[in-house]
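Structure first, then comments.
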Amino acid sequence: MSWAIIQQSLPMFGKGFVLTLWLSFVGIIGSIIVGLICSLFQYFKVPILHQIASVYVEISRNTPLLIQLFFLYYAFPVIGIKFGAELCGIIGLIFLGGSYMAEGFTGGFNGVSKGQVESGKAIGLSRWQLAKYVVFPQGFSLSVPAMAANIIFLIKETSIFTVIAIPELTNTALDLIGMYYRSNEYLLVLVIGYAIILVPLSIVLTLLERRVRYGAFGN
Amino acid sequence: MAEKVLQVEHLEKSYQKKHVLHDINFSVAQGEVVTLLGPSGSGKSTLIRCLNGLEVYQKGTITFEGQKIIPTEKNWQQIRQKIGMVFQSYDLFPNLTVMDNILLGPTKVQKKDKATARSEALALLKSVELDDYANAYPRELSGGQKQRVAIVRALALHPDFMLFDEVTASLDPEMVRGVLTIIENLANRDNMTMIVVTHEMNFAKQIADRVLFLQDGRILEQTPSEQFFTAPQTDRAKVFLDSMDF
Amino acid sequence: MAEKVLQVEHLEKSYQKKHVLHDINFSVAQGEVVTLLGPSGSGKSTLIRCLNGLEVYQKGTITFEGQKIIPTEKNWQQIRQKIGMVFQSYDLFPNLTVMDNILLGPTKVQKKDKATARSEALALLKSVELDDYANAYPRELSGGQKQRVAIVRALALHPDFMLFDEVTASLDPEMVRGVLTIIENLANRDNMTMIVVTHEMNFAKQIADRVLFLQDGRILEQTPSEQFFTAPQTDRAKVFLDSMDF
Amino acid sequence: MAHSGISVLLEGTNFMRLLGGLWVTVKIAAVALIAGIILGIALGVLRTFKNRPLRIVLRLYLEFFRVVPTVVLLFLFYYILPKQMNFNLPADQLATLVFALWVGAEMSDIVRGALISVPKHQIESGKAIGLSRFQLYWYVLIPQSINLEIPATINLATRVIKTTSILLLISVMDVINIGQQIIEANNHTYPTGVFWVYGLIFLFYFLIDYPLSWWAKRLEKKRLERENG
Amino acid sequence: GNSKKSSSNNPSSVSQIKKKGTIRVAVFGDLPPYGWVNKDGKRVGYDVKLAHQVAKDLGVKVKFVQVNANNRVDALNSNKVDLVLANFTVTPERKQVVSFAKPYMKVSVGVVSPKNKPITKVSQLQNKNVIVTKGTTAENYFTSKQPNVKLLKFDSKTQQFNALKNGRGVALADDNSYLYAWSKSNSKYTVGIKSIGPKSYIAPAVKKGNESLLNWTNKEITKLTKKRFFVSDYNTDLKPYFGKEVKPSDIVLPTK
Ligand SMILES: Nc1ncnc2c1ncn2[C@@H]1O[C@H](COP(=O)(O)OP(=O)(O)OP(=O)(O)O)[C@@H](O)[C@H]1O
Ligand SMILES: Nc1ncnc2c1ncn2[C@@H]1O[C@H](COP(=O)(O)OP(=O)(O)OP(=O)(O)O)[C@@H](O)[C@H]1O
Ligand SMILES: [Mg+2]
Ligand SMILES: [Mg+2]
């Protein structure tokens, strides 16, 4: 283990770290938006769109991100559709994350108790009002644990971007190992890099989850 | 006889394979208090839920204030503003304060002026001795208090008709009285028309004008209250009444 | 006075910051039936759970059949075979049949011969009219039936002492009587020593030899049953008794 | 042109080779799941004990496998373990080990979650008839938690299967690696082969995972229906 | 005593290999014509043939471990393989971490690009994307000597060539010999820069300290060179894949 080696590599890892954060951020925001849209289609049973959303969710959830990326990056250009590597990564992450988020939201909405829905109906709320004042506010809180798990999951999935030559954290480490053969040092920095992002996040999200479970909505 | 507010004719209801209500016929007059008694599983909740459009029924008609109800979700939504309902599980919205729970109907559904609605709500809360709790969240209230708020929430829409489904069943015994008193006042003082499902026989005796006794999804008897509790028409009702006091 | 089966001295119990039981002192004689009354939150459940080692208490001693209990989980495990307990929520094990629920204690804890245990269990089931349900799963039973099985499960260990904590509180009114009858038989016919927490005043009247009235974690009075229900010593108990019948 | 590319799959033994690669993938996933589930059940039970040091150690184990991406785990084990600890395994066995440890960590959380969600009353009822701690787990808690665990475990299985896709990075001859060999070898004759080979692999994964997900969903739905009456 | 102990601990010593009856050799799986898997699923190529010969001369069976460029060193160091025959170019950096035997091939970095937009000078690459594989001499060369060239770094040869075909970079840099082979079967591309950076050699590699196998391999290479093994290997496994611009002497070392 050599400090000098680690120090020398820090600028490169720094870039990878920033890129991992940035791609995760964009991917997560995109996933939440896509997930929300899909879960709304499903909640309101919008004709056609809700079936499309279901098919999308099944395809996305049941195939590996790596193959999704290979497709986007290597196979699509063959039929004339080409995106840059980072765009491919983001599209892939959103394609994957969108379905996980959709399931999370849908689970939350469905988790709102029947009693709540009926109470809302009993005071004459319309379907939209019921969604707005009862189902969505409670459903979002219920979906926080799932969201938390998804966020961590998606950040970790960015490590797979290495296969399409995006110089994020993992790619940086593998590249340095390939050039300078100091796998101990580089892997250590790599693990620490992920820990810096994920450990605090994991703690915050656990606390959030606990609050949702025990606090707010104990009737 | 006074004007019929509600009339149910030949109502039939099944859950998938299970036939739960058989040819239900009865009516409720203006200002009348009907209690629905019967053993567990006899269909009391199902019947009362049909009257508010929370269950889909397969046959029969319900006529409310002279108008046959066409059972679409849209129509029911209109009618529910006139038929208040309170459930066993005080289902206040946990994400809203007591006041916002109450205001939701008047301001969002009936589009009432917020200030007016609020002062009305406060008056109602005062009448159930909960005006101090207007800004509390449901989780800060006891079961009895929650149930009283749930009643206020229903009343805030100025319904013509109220449905109560075992509203004290999940309360601690000492909390029961406060809630029942409120319903009693509604019946006797405000002359509200209502259908009450309850297992509290003393309470039923006290407020009911008429008793519908249900068994296995059929109305076995419809008897004026005094008569029912002293000399019910059917043997089944006798057994039922006997079992209710140990 | 008859032999003291259970003696509680200076018992104190807190949950984190909350002091729930204050200096509890009482004893139960062989064959005696004590009912524990008191408003919700007064500490009835907590007290009765301390007697079975389900709660850790901070001070005081419990003496059972002449022996001071050293409150380790291991000791309690032994003692629990002699002190049966039944709870409000009929907690049968949903993954086991009625028979297996009952046999678990005798065969696995007491290592009794399976055949003997089984025929004993059947006899007990018969006595509560449930022998037809030996192979049913709990989910196929009504609440009253489940609670009767729960009692049988406790009795199958041949306890010297029984604790009942509001065993009818979550039952449908019509189911209550069957369960109470069994406890009554246990008290009057089998002369079982027991402590019963209940909100059914008529039932309490009928079986109790003595009433302990709890309020805010203190025993306010210990009065022979006849006297308690007609002329309780404390005003608080009077108010309580009044509230119990609407 | 795109149509002719599909015949790359039928060329020579290509299709059988891809199936062979899939078998490697499935075998690694299956063995890892079986071993990991057993490990996870044991750890999950231990995690419900009150022993603080034990709980902290197991929690750290879980968090490590949770926080570090699986790709990185693979490299850690692939490179570091043999050098530091003189502990060496062929790539596919090593991958199986890593996946099993990962499954064990995730599974321990599933099991713990299910165990602590068995109602407290059930534990007390068990204690009240004198059951020892072991008996309590064996007759009451574990059987009752299984319904909760099964859907989550199936979902974990689908994740593990999907994650096997990264095995190509440590030179396991899995379906993707074979796919790349085929793309390379046929690249001249079938320029669009890449589309079809990846397409088929995509389909393979979907065909394995979709029925599992569907099954998990159905079990979960049934369980909820049972619980809500 | 120490050295003896370490050599008996060495799982890759000649005696251990003979005892196990198998030699584990790292090769590429997607680099025609050096190490690849043909249409029938057979491992073939110039390096693979050498591996077979080595095993034969050791009197053991061969077990192939497929590697990518960036894990050749660690495959040795973590005892995954005994010998690397994966187009492993000798560089000063690598010499510090593994032991190279005598070289068996000549090589230098070349640059391939589309014929319609050919790259013929390094200056054309400034601030452009150039595709490389992680852990290759090409990557090393551009990283250290041409910092203004943007590199897209891939894990495997399949990925890098696909990326070039998808137009993800203006050119691809790798060892010139397989660029010749690749451009022959991909006629829209040309090796516009035939050689940049220093001439280098390709050699078998063993784990540092594995003197026993290193010595044996050195003798083996010398013997095979004398026997003109590499010439015949060239003729059967390489020549058919190369265009006319490649002469045997560009690749094969002179037989002394
Ligand atoms: N969602 C449902 N699906 C199928 N069957 C149902 C459903 N809800 C109720 N039932 C059945 O319909 C019958 C009537 O139930 P209902 O709840 O109306 O009885 P109840 O008289 O209100 O009983 P309780 O006094 O216990 O509240 C019962 O047999 C019940 O099992
Ligand atoms: N696990 C706990 N943690 C903290 N406080 C508790 C806990 N369990 C009970 N308490 C508190 O202890 C007091 C006594 O509760 P207990 O359940 O013994 O009352 P109870 O007389 O049985 O009431 P009920 O008639 O409602 O069953 C209450 O104030 C209650 O809030
Ligand atoms: Mg009901
Ligand atoms: Mg209690």
Side-chain angles (χ1 to χ4, degrees), chain A residues 32 36 39-47 50 104-148 207-219, chain B residues 45 48-49 51-55 72-96 100-111 137-143 146-147 149-159 162-165 170:
Chain A
I32 290 175
L36 203 53
S39 62
L40 290 181
F41 286 164
Q42 289 177 325
Y43 179 79
F44 289 110
K45 296 243 164 13
V46 183
H50 121 254
F105 289 130
T106 302
F109 298 159
N110 292 338
V112 176
S113 76
K114 219 178 123 202
Q116 289 287 314
V117 174
E118 293 187 342
S119 298
K121 281 186 178 173
I123 58 169
L125 296 179
S126 68
R127 198 155 79 126
W128 171 242
Q129 287 172 328
L130 196 61
K132 183 172 165 197
Y133 297 110
V134 180
V135 176
F136 291 167
Q138 296 182 36
F140 284 130
S141 314
L142 290 176
S143 60
V144 164
M147 286 254 287
L207 291 179
L208 244 179
E209 195 180 323
R210 211 170 272 171
R211 239 193 64 185
V212 170
R213 200 183 318 155
Y214 301 112
F217 296 154
N219 206 334
Chain B
S45 297
I48 211 174
R49 288 160 56 82
L51 303 182
N52 204 17
L54 291 176
E55 298 288 349
T72 65
E73 189 58 24
K74 249 213 137 67
N75 279 331
W76 275 118
Q77 202 181 300
Q78 294 305 314
I79 290 159
R80 283 178 192 136
Q81 297 174 40
K82 302 203 177 164
I83 306 184
M85 180 156 180
V86 184
F87 304 85
Q88 168 175 344
S89 47
Y90 22 86
D91 282 304
L92 300 183
F93 305 125
N95 51 318
L96 301 177
D100 288 340
N101 262 279
I102 299 169
L103 289 184
L104 199 55
T107 60
K108 302 299 173 185
V109 179
Q110 300 185 328
K111 314 283 181 197
Y137 278 88
R139 60 174 174 278
E140 303 165 38
L141 306 186
S142 76
K146 279 188 232 180
Q147 200 55 295
V149 174
I151 295 173
V152 166
R153 183 174 63 180
L155 293 177
L157 290 162
H158 296 296
M162 286 288 292
L163 305 170
F164 292 96
D165 188 2
S170 50

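Because the structure is predicted, anything quoted here is derived from the model rather than measured.
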query = Do you know which two heavy atoms are closest between B:Gln77 and A:Gly124, and how far apart they sit?
reply = CG-O, 3.5 Å
key: Nearest atoms (heavy-atom pairs only) where A:Ala122 meets B:Met85   = CB-CB, 4.2 Å
query = For A:Gln129, is it the side chain, the backbone, both or neither that has a heavy atom under 4.5 Å from a heavy atom of chain B?
reply = side chain
message = What part of B:Ile83 gets within 4.5 angstrom of chain A, counting heavy atoms only: side chain, backbone, both, or neither?
response = backbone
message = Using heavy-atom distances under 4.5 Å, tell me whether B:Glu73 contacts chain A through its side chain, its backbone, both, or neither.
response = side chain
ask   = Is the backbone of A:Leu125 close enough, under 3.5 Å, to the side chain of B:Gln81 for a donor and an acceptor to pair up by distance?
value = no
query = Do A:Glu118 and B:Arg49 come within less than 4.5 Å of each other through their side chains, counting heavy atoms only?
reply = yes
inquiry  = Could you measure the distance from the CD1 atom of A:Ile123 to the CG atom of B:Leu157? Nearest 0.5 Å is fine.
reply    = 6.5 Å
query = Got a donor-acceptor contact below 3.5 angstrom from the B:Asp91 side chain to the A:Gly120 backbone?
reply = no
task = With rounding to the nearest 0.5 Å, note down the distance linking CG in B:Leu54 to NZ in A:Lys114.
result = 9.0 Å
note = Value for OG (A:Ser119) from CZ (B:Phe93), rounded to nearest 0.5 Å, stands at 5.5 Å
request  = Considering only heavy atoms and a distance below 4.5 Å, find which of A:Val134, A:Val117, A:Val112 pairs most often with chain B.
outcome  = A:Val134
